[in-house]
Peer 1: 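One structure, pasted below without further comment.
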Amino acid sequence: MKQIVLIGCLLSAIVLSNISAQDKITLVEVASGFDNPVALAHTEDARLFVVEKDGYIRIMDTTGQILPDAFLNIDAKVNSGANERGLLGLAFHPDFGNNGYFFVNYTNAGGHTVVARYTQDSLDANLADPTSEMILMTVTQPFSNHNGGNLAFGPDGYLYIGLGDGGDAGDPGDRAQNGQERLGKMMRIDIDGALPFSIPPDNPYVGNDTILEEIWALGLRNPWRYSFDRLTGDLWIADVGQNAWEEINFQPVVSPGGENYGWRCREGLQSFNSDDCPSPDVFTEPIYVYAHVSGGCSGSVTGGYVYRGSKSPYLVSKYVFVDYCTGIFRSITIDDEGNVEAEELANLQNGQYTSFGEDASGELYVTAGSGTIYRIEDLISAVEDQRKTSDVILPNPASNTFSISCDEEGDFAFTIHDIWGRSVMSGLTSSAQDIDCSFISEGIYVVEYGSLSFRQIAKLVILR
């Protein structure tokens, strides 16, 4: 079990409370005109591939232009008639540049999940060969909702397939806990061995006759979006809740698999349906939960990514996600002791944010129900009312002391954050006043400083 600490904000200095209460991110529109975009992926070049629910994959170039011809059109195969059916997932083979393979998850005419491999056209890199389909698996769906649909390659080169519990309320077939069902599971398969796939030899249930060998983890309700941290390889799973709680599950890269995330026995940290449940000590609890709001669409988590880009320093190492119903963006960090810190980044209502994606350089994007693709940028590092460029930290690198030189008269607040986003020091200072940092370890830090009238952020290197 992991320790859970639900903390609303990382900025601990009281004098900065008015600053930290404001939005910490903004959405910058990069393209529009898509029809129900539900996923976004990249290859190692500058293109972004946008998945449309009706059965199209379109390419957005570096200027935000949508290429006129779809990369893939399987509209005739895709059943998107229900809200949670359609073309739902896309993942490019780690060696896509050489073999041209990519994988999709869609709902077929019968309403059942299909995971298939396609191949890029041999003559045109902006087109796929629609006749190249090789079906890896078909999974019967008893209801029209909770299809899951995401696909992702792990750092081990295996393909991870997340499926919901098959739908209807409360998992009436108790499928998420049934080891003979693929529904309500995370599967892990080898797509480079035997066709259509083989079982990795270190999967947790290899040789276990009671659980399918492709299963990597179980007890999931609807893992609509999950992702791997491109730096650490850790797996983050956002599992959509029933009617009270949304949850984020975390699987470290060193995990041997086999986690049971508890559904339908548990929703979030609470008991849901205890019939025929195993002992509670077998469950891996979520690292973060949040409650639904009242009325209407009250809660539906859309999982994101750990930010590893360079344009938004405040977001580095933070797992960023959003709620589809409320439009509240949040982030999570985990420190070296396993403690979890969460904060609200912005309340951007009514966006119906369906999915996140990264580009090749690690910048983060979000898709919206309006058909718009946005890039996420932090406001802490790029405040519109930045002070004059003469604002500097001296010396930098610093050893035991540094000062903040700016045009502000009188005292202003400052907070020093480590690369995990944790506050290591805060207080008041004035321009050019020495600040003692002798007790802070060597490394790279972010200094946020300001008052009610301005905000600024700068990088500080401590070196001895």
Peer 1: Report yes if some heavy atom in the side chain of Ile191 is under 4.5 Å from a heavy atom in the side chain of His93; otherwise report no.
Peer 2: yes
Peer 1: Does the cation-pi check pass for Arg266 over Phe283, that is, NZ or CZ under 6.0 Å from the six-membered ring centre and within 45° of its axis?
Peer 2: no
Peer 1: Do Ile161 and Met137 come close enough that some side-chain heavy atom pair is under 4.5 Å?
Peer 2: yes
Peer 1: Is Asn222 reaching over with its side chain to a backbone N or O of Val240, donor-acceptor style, under 3.5 angstrom?
Peer 2: no
Peer 1: Can you list the residues that meet the side chain to side chain contact (heavy atoms under 4.5 Å, CB included) rule with Ser32, with sequence neighbours excluded?
Peer 2: Glu29, Thr372
Peer 1: Evaluate Ile373 against Met60 for side chain to side chain contact (heavy atoms under 4.5 Å, CB included), listing each step before the verdict.
Peer 2: CA-CA 10 Å; Ile373 309 297; Met60 182 173 66; 4.3 Å; yes
Peer 1: Please identify each residue that fulfils side-chain hydrogen bond (donor to acceptor under 3.5 Å, both in side chains) with Asp75, with sequence neighbours left out.
Peer 2: none
Peer 1: Go through the steps to decide whether Thr354 and Thr367 satisfy the test side chain to side chain donor-acceptor pair (under 3.5 Å), and finish with yes or no.
Peer 2: CA-CA 6 Å; Thr354 54; Thr367 64; 2.6 Å; yes
Peer 1: Taking only residues two or more places apart in sequence, or in another chain, which ones meet Val253 in a side chain to side chain contact (heavy atoms under 4.5 Å, CB included)?
Peer 2: Pro155, Asp234
Peer 1: Taking the side chain as everything from C-beta on, heavy atoms only, tell me whether Asn126 gets closer than 4.5 Å to Asp69.
Peer 2: no
Peer 1: According to ring-ring contact (aromatic ring centres under 6.0 Å, His included), who are the partners of His292, at least two apart in sequence or on a separate chain?
Peer 2: none
Peer 1: Taking Thr210's backbone N and O only, do any of them form a donor-acceptor pair with Asn208's side chain (distance below 3.5 Å, no angle check)?
Peer 2: yes
Peer 1: Leu315 vs Leu364, test: side chain to side chain contact (heavy atoms under 4.5 Å, CB included). Steps then yes/no.
Peer 2: CA-CA 10 Å; Leu315 297 179; Leu364 195 56; 5.6 Å; no
Peer 1: Can you sort out the partners of Phe71 under ring-ring contact (aromatic ring centres under 6.0 Å, His included), two or more places apart, ordered by chain and number?
Peer 2: Phe49, Phe102
Peer 1: Minimum heavy-atom separation for Leu90 to Ala41, with atom names?
Peer 2: CD2-CB, 3.9 Å
Peer 1: Quick one: list whatever passes ring-ring contact (aromatic ring centres under 6.0 Å, His included) with Phe228, sequence neighbours left out.
Peer 2: Tyr160
Peer 1: Would you please name every residue forming a side chain to side chain contact (heavy atoms under 4.5 Å, CB included) with Asp202, sequence neighbours left out?
Peer 2: Tyr158, Arg188, Pro200
Peer 1: Are the side chains of Ile199 and Phe197 in contact, using a 4.5 Å heavy-atom criterion?
Peer 2: yes
Peer 1: Would you find a donor on one side and an acceptor on the other, under 3.5 Å apart, between the side chain of Glu246 and the backbone of Gly241?
Peer 2: yes
Peer 1: Could you please spell out the steps behind the side chain to side chain contact (heavy atoms under 4.5 Å, CB included) verdict for Asp165 and Arg264?
Peer 2: CA-CA 9 Å; Asp165 62 10; Arg264 67 177 185 177; over 6 Å; no
Peer 1: Can you pull the disulfide bond (SG atoms under 2.5 Å apart) pairs that have at least one residue in residues 161-275, sequence neighbours excluded?
Peer 2: Cys265-Cys277
Peer 1: Of all heavy-atom pairs between Phe272 and Gly170, which one has the smallest distance, and what is that distance?
Peer 2: CE2-CA, 3.9 Å
Peer 1: Between Ser331 and Lys24, is there a side-chain heavy-atom distance shorter than 4.5 Å?
Peer 2: no
Peer 1: Suppose we screen for side chain to side chain contact (heavy atoms under 4.5 Å, CB included). Which residues come up paired with Ile248, at least two apart in sequence or across chains?
Peer 2: Trp236, Ala238, Ile287, Tyr288, Val301, Tyr319, Phe321, Ile332
Peer 1: Check whether any side-chain heavy atom of Thr284 sits under 4.5 Å from a side-chain heavy atom of Gln251, and report yes or no.
Peer 2: no
Peer 1: Check whether any side-chain N or O of Ser227 sits under 3.5 Å from a backbone N or O of Gly304 as a donor-acceptor pair, and report yes or no.
Peer 2: yes
Peer 1: Walk me through it: do Lys311 and Glu377 pass the test salt bridge (charged side-chain N to carboxylate O under 4.0 Å, His left out)?
Peer 2: CA-CA 7 Å; Lys311 295 181 179 179; Glu377 295 184 359; over 6 Å; no
Peer 1: Of Trp224, Phe329, Tyr324, which is the lone residue that meets ring pair (Phe, Tyr, Trp, His ring centres under 6.0 Å) with Tyr353?
Peer 2: Phe329
Peer 1: How close do Ala70 and Tyr56 get, heavy atom to heavy atom, and via which atoms?
Peer 2: CB-CD2, 4.0 Å
Peer 1: Given side chains that start at C-beta, do those of Thr326 and Asn347 come closer than 4.5 Å, heavy atoms only?
Peer 2: no
Peer 1: Look only at the side chain of Glu267 and the backbone of Asn243, and say whether a donor-acceptor pair between them is shorter than 3.5 Å.
Peer 2: yes
Peer 1: At their closest point, which heavy atom of Pro223 faces which heavy atom of Ile237, and how far apart are they?
Peer 2: CB-CG2, 3.8 Å
Peer 1: Are Asp54 and Ser80 packed together at the side-chain level, in the sense that at least one heavy-atom pair is separated by less than 4.5 angstrom?
Peer 2: yes
Peer 1: Return yes if some donor-acceptor pair links the side-chain N/O of Tyr307 with the main-chain N/O of Ser312 below 3.5 Å, else return no.
Peer 2: yes
Peer 1: With sequence neighbours excluded, what pairs up with Glu214 under the salt bridge (Lys or Arg N to Asp or Glu O under 4.0 Å) test?
Peer 2: Arg182
Peer 1: Is it the case that Ser132 and Asp129 place a side-chain donor and acceptor less than 3.5 Å from each other?
Peer 2: no
Peer 1: Is a donor on one side and an acceptor on the other found under 3.5 Å between the side chain of Asp45 and the backbone of Arg47?
Peer 2: yes
Peer 1: In Å, rounded to the nearest 0.5 Å, how long is the span from CD of Glu363 to CG of Leu48?
Peer 2: 11.0 Å
Peer 1: Any disulfide bond (SG atoms under 2.5 Å apart) pairs touching residues 154-261, not counting sequence neighbours?
Peer 2: none
Peer 1: Heavy atoms only: give me the nearest Leu163-Met187 pair and the separation to one decimal.
Peer 2: CD1-CE, 3.6 Å
Peer 1: Grab the two heavy atoms, one from Pro172 and one from Gly167, that are nearest each other, plus how far apart they are.
Peer 2: CD-O, 3.6 Å
Peer 1: Show your reasoning for whether side chain to side chain contact (heavy atoms under 4.5 Å, CB included) applies to Phe356 and Arg225.
Peer 2: CA-CA 8 Å; Phe356 289 80; Arg225 289 296 176 252; over 6 Å; no
Peer 1: Determine yes or no for a side-chain-to-main-chain donor-acceptor pair under 3.5 angstrom, with Asp23 supplying the side chain and Ile25 the backbone.
Peer 2: no
Peer 1: I need the Asp174 CG to Trp263 CH2 distance, nearest 0.5 Å.
Peer 2: 10.0 Å
Peer 1: Between Lys318 and Val316 (side chain of the first, backbone of the second, donor and acceptor by atom type, cut-off under 3.5 Å), is there such a pair?
Peer 2: no
Peer 1: Could you go through residues 104-112 and list every donor-acceptor pair under 3.5 Å that involves a side-chain atom there, pairing it with any protein atom two or more places apart or in another chain?
Peer 2:
{"from": "Tyr106", "atom 1": "OH", "to": "Glu133", "atom 2": "OE2", "distance (Å)": "2.6"}
{"from": "Thr107", "atom 1": "OG1", "to": "Gly86", "atom 2": "N", "distance (Å)": "3.3"}
{"from": "Asn108", "atom 1": "OD1", "to": "Gly110", "atom 2": "N", "distance (Å)": "3.0"}
{"from": "Asn108", "atom 1": "OD1", "to": "Gly111", "atom 2": "N", "distance (Å)": "3.2"}
{"from": "Asn108", "atom 1": "OD1", "to": "His112", "atom 2": "N", "distance (Å)": "2.9"}
{"from": "His112", "atom 1": "ND1", "to": "Gln141", "atom 2": "N", "distance (Å)": "3.0"}
{"from": "His112", "atom 1": "NE2", "to": "Gly110", "atom 2": "O", "distance (Å)": "3.4"}

